[in-house]
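Reviewing the structure listed below.
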2 protein chains.
Amino acid sequence: MSSDAEQAPIFANRPVTLREVAAAAGVSVATASKALNGQGRMTAETRERIRETARHLGFRPNSLAQSLLRKRSFTVGLLTNDTYGRFSLPLMAGVSDALVDNGVSVFLCNVEDDQRLGQLHVEAMLDKRVDGIIATGKRIDRHLPVDLANLRIPVVYAFTQPDPGAIGFVSDDVGGARLAVEHFCRLGRRRIAHVSGPASFAVVHARAQAYRDVLAEHGLPAFEPLLGPWSEGWGHDAVARLFGGGGEPPDAIFCGNDQIARGVIDALRERGISVPDDVGVIGFDNWEIVAEATRPPLTSIDMNLASLGREAGLALLSLVGGQPAAPGIRKLPCRLVVRQSCGRPPGG
Amino acid sequence: MSSDAEQAPIFANRPVTLREVAAAAGVSVATASKALNGQGRMTAETRERIRETARHLGFRPNSLAQSLLRKRSFTVGLLTNDTYGRFSLPLMAGVSDALVDNGVSVFLCNVEDDQRLGQLHVEAMLDKRVDGIIATGKRIDRHLPVDLANLRIPVVYAFTQPDPGAIGFVSDDVGGARLAVEHFCRLGRRRIAHVSGPASFAVVHARAQAYRDVLAEHGLPAFEPLLGPWSEGWGHDAVARLFGGGGEPPDAIFCGNDQIARGVIDALRERGISVPDDVGVIGFDNWEIVAEATRPPLTSIDMNLASLGREAGLALLSLVGGQPAAPGIRKLPCRLVVRQSCGRPPGG
DNA sequence: AACGACTGGGAAAAGGTTTTCTCAGATAGG
DNA sequence: CCTATCTGAGAAAACCTTTTCCCAGTCGTT
């Protein structure tokens with residue numbers, strides 16, 4: 001019965017409806033709706049009075065009712081099989097960032113590699129009338145374990161293999177690899193090696209080819225790319241191969257991911273080889289938690305996943321809005337993040 | 001005009017409504033609804049005929065319409081400020097796992113540490129009539145930058161500081177630390193040191209106290225806990241302090257997280273000190289990507305975040321269902337994951 | 001004075017489902 | 001044969017908002 005009790009109940013009970021706002025303002029619900037949405041014709045005073053009443057009552061329109069009518073729920077689903085979120089999370093951040101300002105919320109669904117789970121999540125999303133779906137994964141060259149081809153709502157693929165005829169956003173791995181190798185060339189490195197992941201990954205081939213191309217363009221010799229698991233351990237082993245055999249060792253190593261790069265750097269240090277003085281190292285992914293912990297900190301290629309997510313979110317939004325868009329894969333540029341493992345230019 | 005064209009249109013156009021099912025089955029929508037939900041009274045044949053019709057037409061009820069009526073949306077919001085998802089993601093996996101079987105979907109909202117963004121997301125969730133909210137963060141002893149206290153929907157806190165009077169789930173850090181130190185005692189280590197994070201974290205104190213308690217219980221000397229950043233670099237420095245000074249060095253080190261532990265292990269190896277023969281090391285968090293990359297692989301304390309998520313999800317569900325629950329903080333046990341960095345029992 | 005155009009605002013349908021009532025017919029009991 | 005009970009099913013309200021008409025009054029024009 002204090003003054004608190006006078007104000008609180010307005011919010012403490014069930015949400016305020018438009019009907020209540022209309023009653024309080026002495027108009028019909030139709031007028032109230034139009035006043036709040038800037039539609040219809042009425043005197044400025046009436047409109048303002050209704051708005052003021054709504055504000056005072058703490059009115060917030062019921063999204064469910066709006067969605068039912070508008071056939072638009074302002075929600076989208078994000079499907080992923082990237083359990084640890086290495087790639088999905090930055091991507092999700094970008095998506096969310098692009099959508100939240102449009103009042104769109106995101107259902108996150110981790111389907112692992114489980115068909116049944118995928119089916120379950122997709123059906124749940126469909127039942128909830130999501131406006132669209134963004135599919136993302138941990139590998140650019142694999143499909144999610146779920147069929148999104150004939151869904152009657154728009155689907156955008158990001159960092160995963162799109163269905164034919166669909167829209168997909170991926171990082172430009174070739175461009176990223178070129179960035180790294182060209183940087184080494186610019187720094188005056190002459191014997192550049194490449195240590196990467198398993199041959200079963202499409203990106204491994206794309207990057208290796210870019211590596212060879214750039215070296216050829218600069219008239220430099222190419223090492224045979226060393227392929228193995230995406231692990232620190234493999235980085236170690238690769239160094240043993242590069243420096244243990246008889247051949248002339250490299251003065252730079254471009255690694256397929258940051259974990260390999262970390263293994264390489266550790267192995268070089270254990271051999272008394274200085275990074276970056278004797279050998280420069282560049283990684284891929286720019287996983288800060290790894291790149292900043294190596295000694296010295298790791299120069300790496302960033303795939304701009306947040307931008308990728310933004311683009312995907314925006315593309316989905318315009319698709320939902322009815323704008324047609326050409327199917328196909330859009331490659332977004334990578335970015336070189338220079339730290340200390342690659343060395344400085346000759347004159348620097 | 002092919003036989004495909006005969007079947008496809010049923011699914012290709014707008015979703016099938018209950019009205020259409022009812023018409024096709026020759027009953028009223030009321031009867032159709034009751035048939036599908038197992039409500040009302042009718043002959044078994046009628047019920048089955050309606051169900052068969054619904055199945056054949058691919059009917060799926062419109063969640064929006066159901067939610068509007070039932071005042072229950074079968075969605076919950078997950079709020080986090082843990083950008084990289086270190087802690088949120090396993091937790092989210094647990095939440096999602098607990099809820100998906102109940103048809104509940106999860107809105108993931110990353111609010112960073114931004115008040116405005118937090119407000120925005122919470123309002124969006126409220127507008128969409130989420131049934132409840134799970135708040136989670138990257139620190140057990142901090143609040144999210146958003147007030148969830150008087151929300152008229154249930155809120156459960158997981159791995160973040162709950163509001164007074166609310167329900168929270170956290171890991172039992174004291175128990176976890178005891179697990180680690182007791183394991184060292186069991187292995188016959190006598191001089192156990194503790195290297196942990198910044199004093200500003202509550203868990204640092206809790207774990208340090210547990211460390212001291214266990215040593216006291218075993219009549220062993222305690223080192224003064226070494227506090228610093230949660231980084232590999234600090235692990236290195238701490239080793240320099242423990243082994244560089246005059247005092248008798250430890251034969252075991254309990255680290256506050258896995259990154260520190262990794263720095264410790266690397267530093268020990270550089271000094272020619274064998275892990276686990278000369279010094280055992282145990283970490284905290286069981287972050288597999290780190291724990292499995294150290295040489296030797298790191299024994300660590302796992303906080304069972306997925307279970308924490310499951311519990312939080314289930315608790316929220318029962319709250320939403322109207323079951324009352326006592327407020328307070330529930331501590332869930334940690335788990336010791338033995339790898340190779342801690343050594344084996346004397347006789348083993 | 002009569003007509004048209006405009007103005008401010010309301011009534012009602014629509015969106016898809018659930019649930020409460022109601023009701024006609026069938027069965028059983030006296 | 002007449003009433004009480006039960007059975008199967010439908011009509012309609014409800015959830016909350018948006019939008020399309022529609023209407024009554026006012027103003028200006030001839």
Side-chain angles (χ1 to χ4, degrees), chain A residues 13-51 53-54 57-75 103 124 126-131 152-153, chain B residues 13-51 53-54 57-75 103 124 126-131 152-153:
Chain A
N13 296 327
R14 83 189 80 266
V16 172
T17 70
L18 185 61
R19 184 198 308 277
E20 294 168 304
V21 173
V27 296
S28 70
V29 287
T31 306
S33 170
K34 283 180 283 200
L36 297 175
N37 294 320
Q39 307 288 326
R41 287 177 316 204
M42 69 197 70
T43 55
E45 302 140 65
T46 307
R47 197 181 292 277
E48 191 42 49
R49 174 165 49 88
I50 295 172
R51 290 201 162 147
T53 310
L57 259 39
F59 170 74
R60 309 226 71 203
N62 184 332
S63 260
L64 260 27
Q66 291 182 316
S67 303
L68 187 56
L69 204 51
R70 293 182 175 163
K71 304 192 165 310
R72 179 88 204 274
S73 67
F74 289 90
T75 59
L126 253 26
D127 288 350
K128 295 195 168 99
R129 296 305 193 263
V130 294
D131 295 331
R152 103 176 141 242
I153 56 173
Chain B
N13 296 327
R14 81 190 83 266
V16 170
T17 69
L18 184 60
R19 184 196 309 276
E20 294 168 309
V21 173
V27 296
S28 70
V29 287
T31 306
S33 170
K34 283 180 284 199
L36 297 175
N37 294 321
Q39 306 288 325
R41 289 177 315 204
M42 67 197 68
T43 56
E45 304 139 64
T46 308
R47 196 181 292 276
E48 191 42 48
R49 174 166 48 89
I50 296 171
R51 289 201 163 145
T53 310
L57 260 40
F59 170 74
R60 310 225 72 204
N62 184 330
S63 261
L64 260 27
Q66 290 182 317
S67 302
L68 186 57
L69 203 52
R70 293 182 176 162
K71 303 188 167 310
R72 181 85 205 275
S73 67
F74 290 89
T75 59
L126 253 26
D127 287 350
K128 294 194 169 99
R129 296 304 191 263
V130 294
D131 295 331
R152 103 177 142 242
I153 57 172

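In what follows, chains are A, B, ... by sequence order, proteins preceding strands, each numbered from 1. On a predicted model such as this, the values are computed, not experimentally measured, just so you know.
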Using whole Å, what does the distance between atom [atom2] of nucleotide [N] and atom [atom1] of [X] come to?
X: B:Leu64; N: C:dG15; atom1: CG; atom2: P; answer: 14 Å
X: B:Arg19; N: C:dT18; atom1: CZ; atom2: P; answer: 13 Å
X: A:Glu45; N: C:dG8; atom1: CD; atom2: C1'; answer: 12 Å
X: B:Leu69; N: C:dT17; atom1: CG; atom2: P; answer: 11 Å
X: B:Leu126; N: D:dC16; atom1: CG; atom2: P; answer: 15 Å
X: A:Arg47; N: C:dG10; atom1: CZ; atom2: P; answer: 13 Å

Any side-chain N or O of [X] less than 4.0 Å from the OP1 or OP2 oxygen of [N]?
X: B:Ser28; N: D:dG10; value: yes
X: A:Thr31; N: C:dG10; value: yes
X: B:Asn62; N: C:dG15; value: no
X: B:Arg41; N: D:dG8; value: no
X: B:Gln66; N: C:dT18; value: yes
X: A:Thr43; N: C:dG8; value: no
X: B:Thr46; N: D:dG8; value: no
X: A:Lys71; N: D:dT18; value: no

Q | Whichever of B:Gln39 and A:Val27 has its nearest DNA chain C nucleotide further upstream toward 5' | A |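 Result of the comparison: A:Val27.
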
Compare every heavy atom of [Y] with every heavy atom of [X], then report the nearest pair and how far apart it is.
X: B:Val21; Y: B:Thr53; answer: O-CG2, 3.9 Å
X: B:Ser73; Y: B:Arg129; answer: OG-O, 2.6 Å
X: A:Arg60; Y: B:Asp127; answer: NH1-OD2, 3.2 Å

Test for a donor-acceptor pair under 3.5 Å between the base of C:dG10 and the side chain of A:Lys34, counting only N and O atoms. yes

What contact category does B:Thr17 fall into here, base, sugar-phosphate, or nothing, at under 4.0 angstrom with non-hydrogen atoms? sugar-phosphate

